[in-house]
2 protein chains.
Amino acid sequence: MTVTSVHNPSHREALWEMEDAFERGDLISVFGRCTVDYEGRASSELGSGDRLVVLKPDGAALVHTDEGRQPVNWQPPGSEHRAAVREGRLRVVSTRTNPAETLTVAFEDVHQLSALTVTGGRDLDLHGSEEDLRTRILERPDIVEPGFEPTETERPSIAGPMDVFGVDADGTPVVVELKRRRVGPDAVGQLARYVRGLREELGINDSGFDGDSVGDADGDDGETPAVRGVLVAPSVTDRAAERLADHGFDHVALDPTDE
Amino acid sequence: MTVTSVHNPSHREALWEMEDAFERGDLISVFGRCTVDYEGRASSELGSGDRLVVLKPDGAALVHTDEGRQPVNWQPPGSEHRAAVREGRLRVVSTRTNPAETLTVAFEDVHQLSALTVTGGRDLDLHGSEEDLRTRILERPDIVEPGFEPTETERPSIAGPMDVFGVDADGTPVVVELKRRRVGPDAVGQLARYVRGLREELGINDSGFDGDSVGDADGDDGETPAVRGVLVAPSVTDRAAERLADHGFDHVALDPTDE
DNA sequence: CTGTTTATCTCGCGG
DNA sequence: CCGCGAGGTAAACAG
């Protein structure tokens with residue numbers, strides 16, 4: 001038996017079922033008319049209404065209405081659930097410490113209470129993350145540009161760790177910044193800080209002056225800096241495109257979810 | 001009747017109940033063994049396991065395991081839910097556009113399916129938020145400091161809107177930044193940008209030089225700037241305290257949940 | 001234990 | 001529609 005369910009139980013019956021479910025470590029789902037109070041980092045009150053309350057064996061509690069992805073009230077995992085009948089009504093209290101928080105659900109009417117025994121299958125694998133994108137670039141650097149050779153990831157700099165660092169076909173240092181979604185000017189600023197930091201580190205003047213360094217860009221005059229910046233992202237905002245142009249950085253359009 | 005529920009239904013029966021529930025605009029709760037696939041901003045696959053799936057009439061979809069406050073997979077409100085039986089199995093697909101995202105739940109076994117008719121009670125009042133904190137300061141400005149008079153909220157500046165703007169007992173302009181929890185150096189940086197922006201606006205030199213302005217701080221030499229910065233937060237990190245001191249800003253310890 | 005960073009963040013507001 | 005900031009953010013991770 002993986003589901004125990006009672007419909008329109010008395011508050012006492014609901015309490016018995018709930019205590020049994022706590023004992024078994026079940027996932028509990030309660031649908032009923034209730035008020036909800038929360039006291040802790042903030043405080044809130046929720047008047048009477050029909051809601052779905054989920055109590056998890058790891059201590060998480062969720063109160064959902066018929067709208068929104070977010071629970072209207074909740075308690076994080078690690079909280080402790082207790083149930084009782086006070087003044088003839090089922091009352092569920094979930095508490096945690098650090099910070100001290102209390103969620104109280106007082107039922108006027110329990111429409112349905114279900115205890116769900118959960119078995120296995122908790123393994124998720126997620127693709128399309130920034131981590132995934134970096135792995136793919138290390139495996140096939142040509143998707144950044146032909147001849148690109150990554151040398152380090154998470155290379156430390158005064159502006160923080162750069163996502164990917166390497167050299168291009170001409171041997172010029174390249175800083176690559178990865179973003180998994182459309183970016184605004186802030187990402188360009190981040191890339192600019194890395195490039196600026198690296199130029200300082202290598203003793204290269206911002207204007208592109210090359211003080212005996214690792215290989216100047218070909219033919220160009222002093223305008224071309226000896227460290228390049230490349231932003232890898234599915235797309236950029238107009239403002240970001242302007243700032244990329246200002247800095248002389250390149251944008252590689254690459255969607256992390258594409259193969 | 002506010003709850004319709006079937007236990008261990010056939011996949012066809014489950015489909016009928018679900019389609020009826022869609023029609024009625026019910027909140028749907030399904031507990032069963034299923035696999036979950038998500039494609040969109042990222043992509044994920046979830047192997048077979050017992051999970052609680054919630055489908056809301058506003059288009060939100062949630063897939064919960066027995067752990068965590070967060071759903072293991074979800075779809076935001078505004079998505080469209082469809083159900084069908086393919087290869088003898090109940091399959092629920094939730095899609096949305098912009099960004100294009102698809103959540104697919106394929107049930108191997110439906111343990112329980114419930115349709116919940118929700119009525120009323122969506123009014124939450126929350127205290128202890130930043131909004132609430134601002135209201136309290138406007139009602140009783142003395143909790144910032146005696147003699148403080150707020151003049152504007154969300155006052156625009158080149159650095160963005162400041163939380164509260166006003167003048168102190170001496171008539172010196174004061175920028176107040178509100179934070180509802182313990183803050184790090186970033187909040188001080190934010191406040192500093194506001195203060196710097198306002199000084200520029202008023203034609204005051206950063207070093208505190210007063211170019212015919214609204215009332216200099218008493219007695220001090222040129223060190224004291226003619227625009228003050230006050231950070232209201234329950235507490236600050238050590239690093240943040242140093243930066244506050246560097247700028248000559250004040251910290252008012254105020255917990256948004258108090259009072 | 002605190003502090004930092006990320007997220008399929010969500011959510012609301014303004015241009 | 002995009003961009004920005006707040007959240008009882010949650011959650012992973014480093015120190």
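If you take atom C1' in D:dA14 and the same atom in C:dT8, they sit 25 Å apart, rounded to whole Å. Spacing between C:dT5 and D:dG8 at atom P, rounded to whole Å, works out to 22 Å.
Rounding to whole angstrom units, CZ of residue B:Arg96 and P of C:dT8 are separated by 13 Å. One can place CG of A:Leu133 at 14 Å from P of C:dT8, the figure rounded to the nearest angstrom. Protein atom CZ of B:Arg181 is 12 Å distant from nucleotide atom P of C:dT4, rounded to whole Å. B:Arg243 places its CZ atom 16 Å from the P atom of C:dG3, with the value rounded to the nearest Å. The interatomic distance linking B:Met162 (CE) with D:dA6 (P) rounds to 14 Å, in whole Å. Between A:Glu67 atom CD and C:dC11 atom P there is a gap of 11 Å when expressed in whole angstrom units. Note: CG (B:Asp186) to P (D:dG7) measures 13 Å, nearest angstrom. Distance, B:His127 NE2 to D:dG7 C1': 17 Å, rounded to whole Å.
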Can you name the atoms? Protein N/O to nucleotides 13-15 of chain C N/O, anything below 3.5 Å, with the distance.
none

N/O to N/O distances under 3.5 Å, protein versus nucleotides 11-15 of chain D:
{"from": "D:dA11", "atom 1": "OP1", "to": "B:Arg69", "atom 2": "N", "distance (Å)": "3.0"}
{"from": "D:dA11", "atom 1": "OP1", "to": "B:Gln70", "atom 2": "N", "distance (Å)": "3.1"}

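Inspection of the A:Thr95 and A:Glu101 side chains reveals no N or O donor paired with an N or O acceptor under 3.5 Å. Under 3.5 Å, the side chains of B:His127 and A:Ser43 contain no donor-acceptor pair of N or O atoms. The closest side-chain donor-acceptor pair between B:His64 and A:Lys56 falls under 3.5 angstrom. Of the N and O atoms on the side chains of B:Thr65 and B:Arg51, not one donor lies less than 3.5 Å from an acceptor on the other residue. Inspection of the A:Thr104 and A:Asp37 side chains reveals no N or O donor paired with an N or O acceptor under 3.5 Å.
No side-chain donor-acceptor contact under 3.5 Å links A:His251 to the backbone of A:Ala241.
Between D:dG7 and B:Lys179, no contact under 4.0 Å exists linking OP1 or OP2 to a side-chain N or O. Between B:Arg182 and the phosphate of C:dT2, there is no side-chain N or O to OP1/OP2 separation shorter than 4.0 Å. Note on B:Arg180: a side-chain N or O is less than 4.0 Å away from OP1 or OP2 of D:dT9. When the side-chain nitrogen and oxygen atoms of B:Gln190 are compared with OP1 and OP2 of D:dA6, one or more of them lie within a distance under 4.0 Å. Note on A:Trp74: every side-chain N or O is 4.0 Å or more away from OP1 and OP2 of D:dT9.
In this structure, CG in B:Asp109 is found 9.5 Å from OG in B:Ser48, a value given to the nearest 0.5 Å. Interatomic distance, B:Thr102 OG1 to B:Glu80 CD, rounded to the nearest 0.5 Å: 11.0 Å.
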Check against salt bridge (Lys or Arg N to Asp or Glu O under 4.0 Å), B:Arg180 and B:Glu130: CA-CA 6 Å; B:Arg180 55 176 316 288; B:Glu130 190 177 302; over 6 Å; no

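Under the ring-ring contact (aromatic ring centres under 6.0 Å, His included) criterion, A:Phe31 pairs with A:His111, not counting sequence neighbours.
Using a 4.0 Å heavy-atom criterion, one finds that B:Glu131 contacts no nucleic acid atom at all.
Both B:Pro185 and A:Asn98 sit near DNA chain C, but only A:Asn98 has its closest nucleotide nearer the 5' end. For the pair A:Val183 and A:Leu103, both in contact range of DNA chain D, the more 5′-proximal nearest nucleotide belongs to A:Val183. Positionally, the nearest nucleotide of DNA chain D for A:Val236 lies more toward the 5' end than for the other of A:Glu101 and A:Val236.
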